Amino acid sequence: MLTKYAARLALVVLAAVPAAALAQSEPCARPTSLAASLGLNQSDRVDAAINGTQYQGRSPRLTVGAAANARGVCVEAFATGGAHYLRPVGGGFGNERILDGRAELSVVRPVASSSDARATLALGLSAQVAATNTRHAFGDGSGVTNYRLGIGSVGPAFDAFYRALGGRLFAAASIPVVSLVDHPYVAVSSLDPMPGLRVATWSSLRGGSGQLGYERPLSRFVTGTLAYQVNGIRYDDTRPVRTLSQMLTFGFRLTRPTEGR
Amino acid sequence: MMTRRTLLLIVGALAATACADPTLVAPADKSYASLFDQMWHETDLTYSMFAVKHVNWDSVGAIYRPRALAAQSDVAFARVLSDMLSSLHDRHVSLTPGRGATPMAYQAPADYQPLDFDSTLVERSYLTRRLSAAIVPHFHAGWLSPSVAYIRFPSFAGSDWGSELDAALDSLQSAKQLVVDVRCNPGGNYELALDLAGRFTDQPTVFGYVRIRNGPKHDDLTDPISETLRPTGKRKFTGTIYLLTNRRVFSSAENFALALHQLPNVVTVGDTTGGSSGRPVTRELANGWTYELSTWVEYTTDNRFVEDAGVAPSVAVPRANASSAGKRDAVLDRVLRLAASGG
């Protein structure tokens with residue numbers, strides 16, 4: 001029931017985007033630019049293919065991104081990744097070393113803005129790819145085992161901006177509606193290294209990513225950014241997975257001279 | 001002033017949100033009932049050879065659960081769990097009840113028989129011009145005669161010591177025949193075993209197939225995946241090889257034997273290997289105890305199970321003859337006769 005509702009909602013939103021954009025032809029809120037930010041990431045994970053324990057860790061993380069505009073279509077992309085150690089939460093055992101990466105590409109069109117142009121809203125599509133290799137060390141010192149999780153998703157996305165405080169507050173979110181998942185049933189095997197992809201819909205894989213932040217021009221071509229990013233996945237498989245990644249980032253955005261604001 | 005205060009509020013709110021400690025699952029229940037159910041359920045989901053072993057896991061659970069709940073101590077509880085796992089009759093299935101504890105593993109009746117191999121006898125009575133342990137710290141090598149070289153791998157534990165075999169083969173390059181002894185080798189690292197075996201072939205050779213558990217039903221297994229021996233190393237020996245095996249050859253040592261058994265230049269001599277092939281993965285209970293479960297079913301190239309059956313030698317030397325009252329190594333004597341006759 002929920003799956004059908006989500007799918008219908010996504011279709012309605014996607015169908016509405018071009019018509020609304022054509023009707024109003026709003027400019028993209030964010031100029032063509034390159035961005036980089038450094039943040040503190042907190043990762044919480046439970047992967048029942050490993051065990052049922054929640055593991056948590058924090059580490060610094062670099063994110064790079066880019067924005068481009070063409071004919072009223074706003075394209076944004078970013079990639080982040082790194083390695084960190086996770087420790088068990090709530091009396092579990094062992095520890096984990098995570099190597100992960102995530103990239104997202106969103107294509108949105110502005111669909112509405114306030115009469116004074118302080119606020120804009122854009123809707124569109126987002127594609128995400130995330131991969132994690134987990135090296136799990138057992139609490140009794142018996143060894144280590146590698147596990148893998150890869151997810152590629154598409155779904156609706158939205159961006160919103162509001163001019164305030166000498167800069168702009170912004171919010172963005174995307175939701176995976178259909179995903180391809182590689183989650184080996186047991187530990188990674190050298191004899192079976194290829195991904196075993198399975199299709200997951202909203203009924204088995206729920207989640208989303210989003211960010212809230214503030215950006216403010218520091219000079220003609222440089223904009224400072226502060227953002228809170230969150231990404232969560234709930235994958236209901238025979239061996240379910242729960243992940244939540246939160247990150248507070250500080251960074252800057254370099255704007256093309258012709259588009260500097 | 002107002003703007004700065006507002007900015008500080010925004011930063012503070014974002015920082016507080018980012019530092020939140022979310023709870024994704026309820027804290028683990030460590031009661032005996034819950035721990036038993038965890039292990040039973042995980043074994044039900046993971047173990048690959050219920051059909052091969054003809055085990056009704058539901059019945060096993062029904063028998064052992066009341067005993068687990070009645071256990072009066074961790075020692076008694078561990079014994080119940082170990083007994084339940086032993087009903088699988090699989091040497092790769094074991095329980096380690098805590099850090100530093102000895103693994104509690106299934107022992108087959110054959111495991112209680114006296115050893116039919118004395119490595120010191122080979123060292124004392126047969127081996128000459130031994131290679132220095134500084135060159136080959138992980139195995140033993142030397143000469144049995146001016147034309148017959150000898151290498152014994154006591155185990156395949158560890159990783160990345162294939163270069164030692166290159167060095168040994170370099171020193172033994174004048175040998176016409178090579179005896180490779182894996183008797184009483186309990187196994188170790190599958191990749192290492194095949195890396196070493198790759199020094200004895202010059203072309204890729206399929207030596208077996210595996211089917212890996214990949215779903216919640218007991219017969220959810222992948223399609224057969226071929227196991228291929230590939231040439232490795234800087235040095236090779238592709239002359240006649242006599243591979244010595246016995247009933248105490250297990251796990252990746254059996255993979256090594258299975259791989260070499262496929263090569264046209266290899267004659268296997270001795271007794272059938274132990275028949276322990278499951279490729280274990282470690283699982284963890286909420287109290288920190290770990291246990292191992294087999295995750296695949298291995299087949300020979302002619303579609304027979306390796307589990308319990310083992311790898312039979314081309315030239316069999318029965319156990320009774322092999323022991324030879326501790327003075328002679330009957331398997332090695334047989335090999336030396338074969339080598340002398342060019343067989």
Side-chain angles (χ1 to χ4, degrees), chain A residues 39-42 44-46 48-56 58 88-94 136 138-145 164-167 169 184-187 189-192 196 212-214 216 226-230 232 234 237-240 242-244 246-250, chain B residues 2-4 6-7 10-11 13-28 30 38 42 45-46 48 94 96-101 103 190-191 194 209-210 212-217 220 222 225-228 279 281-293 295-296:
Chain A
L40 180 65
N41 179 77
Q42 175 175 308
D44 288 86
R45 305 176 58 83
V46 182
I50 303 171
N51 62 27
T53 301
Q54 179 176 339
Y55 290 83
Q56 182 184 83
R58 296 186 178 95
V89 175
F93 295 85
H136 182 88
F138 295 97
D140 68 354
S142 60
V144 296
T145 309
L165 308 170
L169 296 168
Y185 189 75
V186 291
S189 165
S190 59
L191 279 183
D192 190 20
L212 289 170
Y214 173 73
R216 180 177 186 171
L226 164 66
Y228 165 70
Q229 300 176 353
V230 62
R234 173 189 172 129
D237 189 19
T238 306
R239 299 179 189 281
R242 307 278 186 274
T243 69
L244 184 65
Q246 304 175 82
M247 184 157 60
L248 187 62
T249 68
F250 298 87
Chain B
M2 185 67 177
T3 302
R4 190 171 297 168
T6 309
L7 275 176
I10 292 170
V11 172
L14 294 179
T17 312
C19 292
D21 267 348
T23 300
L24 301 182
V25 288
K30 297 176 184 175
Q38 282 175 40
E42 188 55 38
L45 289 177
T46 305
S48 55
S94 64
T96 304
R99 177 178 274 275
Y190 176 87
E191 285 76 19
L194 296 189
Y209 298 91
V210 296
I212 304 171
R213 180 81 186 262
N214 68 349
K217 291 187 222 158
D220 280 339
T222 62
I225 301 168
S226 61
E227 297 179 279
T228 305
R279 179 72 157 184
V281 66
T282 304
R283 308 300 299 167
E284 204 161 30
L285 288 172
N287 65 353
W289 295 3
T290 58
Y291 54 106
E292 296 202 333
L293 300 170
T295 58
W296 74 26

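Chain identifiers are assigned alphabetically (A, B, ...) following the order of the sequence lines, protein sequences preceding nucleic acid strands; residue numbering begins at 1 within each chain. Just so we're clear, the structure is a prediction, and the values are computed from it rather than from any experiment. Only this structure's heavy atoms are used, side chains among them; waters, hydrogens and symmetry mates stay out.
The candidate with the highest count of non-hydrogen atom pairs below 4.5 Å against chain B, out of A/Ala49, A/Gly39, A/Gly232, is A/Ala49. Chain A forms the most heavy-atom pairs under 4.5 Å with one residue out of B/Leu285, B/Thr228, B/Ile225, and that residue is B/Ile225. If you tally non-hydrogen atom pairs under 4.5 Å between each of B/Glu191, B/Gln38, B/Arg279 and chain A, the highest count goes to B/Glu191. Residue with the most contacts toward chain A among B/Gly215, B/Ala286, B/Gly288, B/Gly100: B/Gly215 (heavy-atom pairs, distance under 4.5 Å).
Contact of A/Arg234 with chain B is not made at all, since no heavy-atom distance falls under 4.5 Å. Heavy atoms of B/Ala28 lying under 4.5 Å from chain A are absent altogether. For B/Val281, the part sitting under 4.5 Å from any heavy atom of chain A is the side chain, from C-beta outward, and nothing else. Contacts between B/Thr295 and chain A at a heavy-atom distance below 4.5 Å involve the side chain alone, from C-beta outward. Both the backbone and the side chain of B/Leu45 come within contact range of chain A, each with at least one heavy atom under 4.5 Å from a heavy atom of that chain.
When atom types are taken as modelled, the side chain of A/Gln54 and the backbone of B/Pro22 share a donor-acceptor pair closer than 3.5 angstrom. Here the side chain of A/Tyr185 pairs no donor or acceptor atom with the backbone of B/Asp220 at under 3.5 angstrom.
In this structure A/Pro240 satisfies the side-chain contact (heavy atoms from CB on, under 4.5 Å) test together with A/Ala48, A/Asp236, A/Arg242, sequence neighbours excluded. B/Arg99 is linked by a side-chain hydrogen bond (donor to acceptor under 3.5 Å, both in side chains) to nothing, counting only residues two or more places apart in sequence or in another chain.
Between B/Arg283 and A/Thr145, the side chains place no donor N or O within less than 3.5 Å of an acceptor N or O (distance only, hydrogens not considered).
Rounding to the nearest 0.5 Å gives a distance of 11.5 Å between CG of A/Asn51 and OG1 of B/Thr290. Between B/Thr23 atom OG1 and A/Asp44 atom CG the span is 8.5 Å, to the nearest 0.5 Å.
Here the shortest heavy-atom pairing between A/Val46 and B/Leu24 reads CG2-CB, 3.8 Å.
Remark: B/Lys30 NZ is packed, more than 12 non-hydrogen atoms of other residues, nucleotides or ligands lying under 6.0 Å away.
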